[in-house]
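Numbers restart at 1 for each chain; the letters A, B, ... are given by sequence-line order, proteins then strands. Since we're looking at a predicted model, the values are computed, not measured.
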2 protein chains.
Amino acid sequence: MATRTALQRRREAKIAYDAYLAECPSRRLLDSLSSKWVTLVVSALSEGDLRYSGLSQRLVGVSQKMLTQTLRTLERDGMITRRVTAAVPVRVDYSLTPLGRSLAVLVSQFKVWAEAHMDQVDRAQRTYDRRSRRLDSQA
Amino acid sequence: MATRTALQRRREAKIAYDAYLAECPSRRLLDSLSSKWVTLVVSALSEGDLRYSGLSQRLVGVSQKMLTQTLRTLERDGMITRRVTAAVPVRVDYSLTPLGRSLAVLVSQFKVWAEAHMDQVDRAQRTYDRRSRRLDSQA
DNA sequence: CCGTATCCGAAGTGATACTG
DNA sequence: CAGTATCACTTCGGATACGG
C-alpha cells in the first residue's frame with residue numbers, strides 16, 4: 001500500500017515539525033505576534049495606559065471579540081497587565097509590562113522601517129502586476 | 001427599520017476602516033509579513049541563495065502550495081528575485097533583493113529578542129494558567 | 001524539477017444577543 | 001462598562017492530481 005505509507009510519512013513529518021515548532025522560541029512568539037491586532041494594541045498602549053473602551057475607540061474596526069481575545073493573549077504572555085477598579089460601572093485599565101515595553105520598541109522599529117520602505121514595495125508590486133498582465137495577454 | 005440602519009452603519013464603518021488600512025503603510029506590510037512562512041523564507045535566504053527544492057527541505061513542514069504562495073508574494077513585494085535557468089530539469093534560484101536584506105535585519109533582530117525573552121513569556125504563561133485553574137475550581 | 005488547479009476540512013473572524 | 005456565548009461566514013492550509 002504505497003498510498004498508506006506516503007500518507008504515514010507525511011503524518012510523521014508533521015508531528016516532528018510540530019515538536020520542532022514547540023521548541024523554537026522565535027516561532028512561538030512570532031505566531032502570537034502575527035495576530036492582526038497585537039501590534040496595534042502594543043503601540044496604542046506604548047503611548048499610555050488605556051481602558052477597554054479607550055482601546056476599542058483607538059483601534060478602529062476591531063470587534064469586541066477580537067479585542068478581548070487579543071488582550072487576554074497579551075496578558076497571558078506577560079506583555080500587559082489588567083487592573084480592575086471595582087465601581088459602578090466597572091473600570092478596567094490596561095498597561096504594558098516591562099516585557100511589553102521592550103516589545104513595543106521592536107514594534108516601533110518595524111513601523112519606522114515600513115514607512116521608510118513602503119514606496120519601494122508599492123513600486124515593486126506595480127511592476128510585477130504590469131508584467132503579469134502582459135504575460136496573461138500573450139496567452 | 002432600526003436593524004437595517006444599525007447594520008448599515010457597521011458596513012460603512014468597515015469600509016472606512018478598509019480605506020484606512022489601505023493607506024496605512026505599516027499595516028499593509030505587517031499583514032504580508034505576518035503570514036506564517038514569510039519570516040522563515042527570509043531568514044533562510046539571508047544565509048545564501050537557495051533553489052526551490054532547497055527551500056522546501058529547509059522549511060520543514062511547509063507544503064508545496066504555501067511555499068509557492070509565499071515566494072510569489074515576496075517576489076511581488078520586491079523582497080526576493082526569482083531566477084530561472086532553462087535546462088532539463090528546470091532550475092530556479094531565489095535570492096534576497098536589497099530590500100529583502102534590509103527586512104532580514106529586522107527579522108533577525110526579532111529572533112534575538114524572542115530567544116532572549118522566551119523564558120519570561122513561559123513563566124508568565126504558567127503563572128496565568130495556574131491562576132486560571134484556581135479560579136475555575138472555585139466556581 | 002518546479003510548479004498549477006482543485007477540493008475539502010479546520011481555523012479565524014465577525015455579528016448578535018445576553019450578563020455582572 | 002466590560003465583557004461572555006453562540007452561530008454563520010470566510011479564509012487558510014493541506015492533500016491530491018496533473019502540466020511545462
Test your reading of the model: is there a side-chain donor-acceptor pair from A:Ser35 to the backbone of A:Ser32, 3.5 Å cut-off?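 Side chain of A:Ser35 to backbone of A:Ser32, a donor-acceptor pair under 3.5 Å: no, none is there.
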Quick check: does any side chain N or O of A:Thr39 sit under 3.5 Å from a backbone N or O of A:Val107, one acting as donor and the other as acceptor?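 Pair absent, no side-chain N/O of A:Thr39 close to backbone of A:Val107.
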OP1 or OP2 of [N] sitting under 4.0 Å from any side-chain N/O of [X]?
{"X": "A:Tyr94", "N": "D:dG3", "result": "yes"}
{"X": "A:Ser56", "N": "D:dA2", "result": "no"}
{"X": "A:Thr68", "N": "D:dA2", "result": "no"}
{"X": "A:Arg51", "N": "D:dA2", "result": "yes"}

For A:Arg72, check salt bridge (charged side-chain N to carboxylate O under 4.0 Å, His left out) against everything at least two apart and list the hits.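 A:Arg72 satisfies salt bridge (charged side-chain N to carboxylate O under 4.0 Å, His left out) with A:Glu75 only.
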Salt bridge (charged side-chain N to carboxylate O under 4.0 Å, His left out) against A:Asp49, all qualifying residues, sequence neighbours excluded: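 Testing A:Asp49 for salt bridge (charged side-chain N to carboxylate O under 4.0 Å, His left out), a comparison that skips the adjacent residues, returns none.
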Within residues 73-89 of chain B, find the residues that approach DNA chain D with a heavy atom at under 4.0 Å, and present them sorted by residue number.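 The answer is none.
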If every non-hydrogen atom of B:Leu96 is compared with every non-hydrogen atom of B:Val42, which pair is closest and at what distance?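 Looks like CD1-O, 3.9 Å.
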I need the minimum non-hydrogen distance between B:Tyr94 and B:Leu45, along with the two atoms involved.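 Minimum heavy-atom contact is O-CD2, 3.5 Å.
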Hey, is B:Arg28 close enough to A:Asp122 for a salt bridge, meaning N to O under 4.0 Å?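 Salt bridge: yes.
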Could you state the [atom1]-[atom2] distance from [X] to [N], rounded to the nearest angstrom?
{"X": "A:Leu71", "N": "D:dC1", "atom1": "CG", "atom2": "C1'", "result": "14 Å"}
{"X": "B:Leu59", "N": "D:dG14", "atom1": "CG", "atom2": "P", "result": "12 Å"}
{"X": "A:Arg91", "N": "D:dC1", "atom1": "CZ", "atom2": "P", "result": "12 Å"}
{"X": "B:Leu67", "N": "C:dC2", "atom1": "CG", "atom2": "C1'", "result": "10 Å"}

When rounded to the nearest 0.5 angstrom, what is the spacing between CG in A:Leu59 and OG in A:Ser43?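 The OG atom of A:Ser43 is 7.5 Å from CG of A:Leu59, to the nearest 0.5 Å.
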Hey, what do you get for CG (A:Leu33) to CH2 (B:Trp113), rounding to the nearest 0.5 Å?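 Here the interatomic distance stands at 6.5 Å.
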Nearest-nucleotide pick for B:Arg72, side chain only, options being D:dT4, C:dG3, C:dC2: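 In terms of side-chain proximity for B:Arg72, the closest of D:dT4, C:dG3, C:dC2 is C:dG3.
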Does anything in residues 87-109 of chain A form a salt bridge (charged side-chain N to carboxylate O under 4.0 Å, His left out)? List the pairs, not counting sequence neighbours.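 Qualifying pairs, neighbours excluded: A:Arg91-A:Asp93.
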Table of protein N/O atoms under 3.5 Å from nucleotides 11-13 of chain D N/O atoms:
from, atom 1, to, atom 2, distance (Å)
D:dG13, N7, B:Lys65, NZ, 3.0

For the helix from C:dC1-D:dG20 to C:dG20-D:dC1, how many degrees between its two end axes (five pairs per end), to the nearest 10°?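 Inter-axis angle at the ends, rounded: 50°.
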Which sits closer to the 5' end of DNA chain D, B:Gln64 or A:Asp93, going by the nucleotide each is nearest to?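 Mapping each residue to its closest nucleotide by heavy atoms, the 5'-most match is A:Asp93.
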Taking atom types as modelled, find out whether A:Thr81 and A:Ser95 have a side-chain donor-acceptor pair closer than 3.5 angstrom.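 Present: a donor and an acceptor within the cut-off.
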